[in-house]
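Below you'll find the structure, written out as structure tokens, and then a few comments.
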Amino acid sequence: MNKHLIALAVAAATLSGAASAAQVYSDDSSSLAIGGRVEARALLSDQAQNKNDSVLQQKTDKEVTDISRVRVNIDAKTQIADGVQGIGFYEREFKDDNSNDENRYMYAGVNSDQYGQLVYGKADGSLGMLTDFTDIMAYAGSVVGGTKLAVADRTTNNLAYTGNFGDLTFKANYVFAGADYDSAGNKTDVHGFSTAAKYNVADTGLALGLGYGEQRDRNGVNTHKARSEQTFATASYTVGDLYFGGLYKYGRRDGQNLVTDKVTDTQGYEFAAAYTAGKAVFTTTYGFMKDEKAHNEYDELANALAIDGTYYFNSNFRTYASYTFNMLDKNKVGKVAASDQFVLGARYDF
């Protein structure tokens with residue numbers, strides 16, 4: 001869920017403070033904190049995908065899939081000069097099938113109170129700052145924003161910069177060409193860059209964003225480097241207990257056609273809204289994405305409406321229910337890609 005909405009919910013619930021990592025070590029110049037979450041999630045769907053992305057043999061919506069997870073992170077910081085810190089961050093996600101565990105973050109770098117932060121390792125790309133405008137649900141992700149290029153998303157071999165200058169936040173990252181090869185000895189590689197800016201318009205509640213990403217892919221026996229591009233434009237407005245967000249995406253060779261399975265150009269948009277009522281937050285998003293086959297002819301790549309409700313018992317513990325209405329044509333994309341989803345969850349943050 002968008003961190004801004006969490007802050008709204010916690011403030012509205014008149015809680016003592018947001019959950020934060022526990023500091024386990026501190027001296028005059030250094031600190032170490034441990035944090036994370038334990039999240040129990042039960043998924044009900046006509047057909048879902050298991051933890052290894054293969055189809056489960058579910059026949060009815062009465063069957064339940066356990067998609068629970070745990071995340072643990074370590075956040076380290078040390079003062080290396082006046083207003084400058086050396087930093088390191090690591091986060092691991094665990095699931096009940098440990099073959100699908102992953103290192104979500106693993107980076108180190110330098111942070112300047114005046115000039116911003118520069119890190120290298122497995123870190124966020126730049127476009128996630130924009131897709132957060134509509135990625136606000138307790139469970140369901142952004143169906144349009146979730147199609148970010150690899151170099152613009154959380155990825156390895158990544159040199160990433162973030163700068164905060166008053167109401168302006170600027171991000172830029174470059175993913176280096178790596179020494180990766182398949183079993184036949186052919187070089188496989190994804191590299192490129194992304195950049196984004198977000199501007200909060202004074203105290204009006206309005207925020208605007210714009211970003212661009214570009215990557216080149218080399219796979220297997222292909223000696224050429226296929227070029228993919230994406231442009232995102234976003235806006236949000238917060239007034240009292242209400243939040244509204246919107247996102248538009250244009251991509252070149254950045255998507256997969258669900259009917260033909262070919263690489264394709266994409267266009268998409270997404271709208272989000274949230275309402276905070278005491279300790280409860282109600283959110284909804286609608287996302288649509290298509291590819292263009294010919295003039296006024298297209299295939300749908302995403303068409304979904306999601307609604308959920310979250311109740312914050314306090315800053316550490318919440319429960320939620322989420323339902324996604326998938327409006328893709330199952331006769332064209334198959335039952336799995338077109339299935340609805342219902343999720344019940346309970347989450348403890350530490």
Do [X] and [Y] sit within salt-bridge range, that is, some charged N less than 4.0 Å from a carboxylate O?
X	Y	result
E229	R253	no
D254	K249	yes
K122	E102	yes
E300	K290	no

Considering non-hydrogen atoms only, spot the tightest contact between [X] and [Y] and give its length.
X	Y	answer
S142	D135	N-OD1, 3.6 Å
A160	D124	CB-O, 3.9 Å
N257	L301	CA-CD2, 3.9 Å

[atom1] of [X] to [atom2] of [Y]: how many Å apart, nearest 0.5 Å?
X	Y	atom1	atom2	answer
D153	T131	CG	OG1	7.5 Å
D349	N314	CG	CG	10.0 Å
D101	F94	CG	CZ	6.0 Å
L206	Y199	CG	OH	10.0 Å
Q341	L43	CD	CG	5.0 Å
K262	L258	NZ	CG	14.5 Å

- prompt: F288 and Y269: aromatic ring centres closer than 6.0 Å?
  reply: yes
task: Give a yes or no on whether the ring-centroid distance for F89 and Y107 is below 6.0 angstrom.
output: yes
message: Counting neighbours of CG on D203 that are heavy atoms of other residues, nucleotides or ligands and sit closer than 6.0 Å, is the number greater than 12?
response: no
query: Is the number of heavy atoms from other residues, nucleotides or ligands within 6.0 Å of OH (Y115) greater than 12?
result: no
Tell me whether [Y] is reachable from [X] by hopping between hydrophobic residues (I, L, V, M, F, W, Y) whose side-chain heavy atoms are closer than 4.5 Å.
X	Y	answer
Y248	L210	no
V119	M106	no
F350	F317	yes
L344	V64	yes
I87	I34	no

Whether [X] side chain and [Y] backbone form a donor-acceptor pair below 3.5 Å:
X	Y	answer
K148	G145	yes
T324	N326	no
N303	L328	no
N157	F176	yes
S30	D27	no
T234	G245	no
R41	I67	yes
T319	A346	no
N103	Y105	no

task: Evaluate side-chain contact (heavy atoms from CB on, under 4.5 Å) for S194 paired with Y212, printing each intermediate quantity in order.
output: CA-CA 6 Å; S194 67; Y212 174 79; over 6 Å; no
- prompt: For Y348, what residues pass the ring pair (Phe, Tyr, Trp, His ring centres under 6.0 Å) criterion, not counting sequence neighbours?
  reply: none
Does a donor on one side chain sit under 3.5 Å from an acceptor on the other, for [X] and [Y]?
X	Y	value
S68	D66	yes
D340	Y323	yes
D291	T266	no
S26	S31	no
Y320	E39	yes

So do the side chains of [X] and [Y] get within less than 4.5 Å of each other, counting heavy atoms only?
X	Y	result
V143	E270	yes
F271	T134	no
F325	I307	yes
T285	I136	yes
L305	M327	yes
Q256	D261	yes
N173	N158	yes
Y174	V151	no

query: After noting the C-alpha distance and the side-chain angles of F244 and F133, does the key distance pass the side-chain contact (heavy atoms from CB on, under 4.5 Å) rule?
result: CA-CA 9 Å; F244 304 95; F133 277 56; over 6 Å; no
query: Sequence neighbours excluded, which residues qualify as side-chain contact (heavy atoms from CB on, under 4.5 Å) partners of A196?
result: S126, L127, M129, L130
Does the Lys NZ or Arg CZ of [X] fall within the cation-pi geometry relative to [Y] - under 6.0 Å from the ring centre and within 45° of the axis?
X	Y	answer
R318	F313	no
K279	Y312	no
R252	Y250	no

- line: Which of Q79, K77, Q85 passes side chain to side chain contact (heavy atoms under 4.5 Å, CB included) with S29? It is Q79
message: Run R92 and R71 through side-chain contact (heavy atoms from CB on, under 4.5 Å) and show every step you take.
response: CA-CA 6 Å; R92 178 81 172 173; R71 292 178 183 173; over 6 Å; no
- line: Only one of R69, R104, R37 passes salt bridge (Lys or Arg N to Asp or Glu O under 4.0 Å) with E91, and that residue is R104
field: Verdict with supporting geometry, Y90 and D75, side chain to side chain donor-acceptor pair (under 3.5 Å)
entry: CA-CA 7 Å; Y90 172 75; D75 189 2; over 6 Å; no
